[in-house]
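A short write-up of the structure that comes next.
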Amino acid sequence: MTDKPTVREIAALTARLRDLTRPGAVADDAARAEFLADKEALLARIATNEEEQERAEQLAIWHIDDTTTETGDYREPT
């Protein structure tokens, strides 16, 4: 098993997200794809068992297409 992400790693990923989404930012598809791959890898490192892994995958889906309104409300992205 890999080590849990550090606060520094999470902060760096969050900073990258801010850079990609700031008003006027021009991010190419490769930069977005690299960010999403790094985010997925970080989430996988957080999950320690199957239930946590499923939750991490659900959080990733919600981040990509937030179609939920309540905690526990799950809908497949359209």
Side-chain angles (χ1 to χ4, degrees):
M1 176 178 228
T2 60
D3 293 332
K4 300 274 186 191
T6 65
V7 171
R8 186 178 306 259
E9 289 174 299
I10 294 168
L13 189 70
T14 303
R16 285 175 56 200
L17 176 60
R18 279 192 307 272
D19 288 343
L20 289 171
T21 60
R22 68 179 159 71
V26 178
D28 61 12
D29 290 339
R32 288 187 178 121
E34 182 181 358
F35 169 80
L36 291 174
D38 291 346
K39 181 185 80 167
E40 185 176 329
L42 189 135
L43 287 173
R45 289 173 53 203
I46 293 171
T48 59
N49 62 40
E50 187 174 314
E51 182 178 306
E52 288 182 19
Q53 179 64 36
E54 289 174 9
R55 179 71 177 144
E57 290 169 2
Q58 183 61 57
L59 289 172
I61 289 169
W62 287 343
H63 177 74
I64 292 168
D65 182 13
D66 188 2
T67 59
T68 62
T69 57
E70 300 285 329
T71 302
D73 179 22
Y74 171 78
R75 289 182 245 164
E76 287 290 333
T78 55

Distance-only criterion, 3.5 Å: show the donor-acceptor pairs between side-chain atoms of residues 16-24 and protein atoms not counting sequence neighbours.
unit_1	atom_1	unit_2	atom_2	d
Arg16	NH1	Asp38	OD2	2.6
Arg16	NH2	Asp38	OD2	3.0
Thr21	OG1	Leu17	O	2.8

Next on the checklist: Is it the case that atom CD in Glu40 sees more than 12 heavy atoms from other parts of the structure closer than 6.0 Å?
Outcome noted: no
Checklist entry - Under 6.0 Å from the CG atom of Asp28, do we count more than 12 heavy atoms belonging to anything else shown? => result yes
Item to check | Sequence-distant partners of Glu34, side-chain hydrogen bond (donor to acceptor under 3.5 Å, both in side chains), two or more places apart | outcome: none
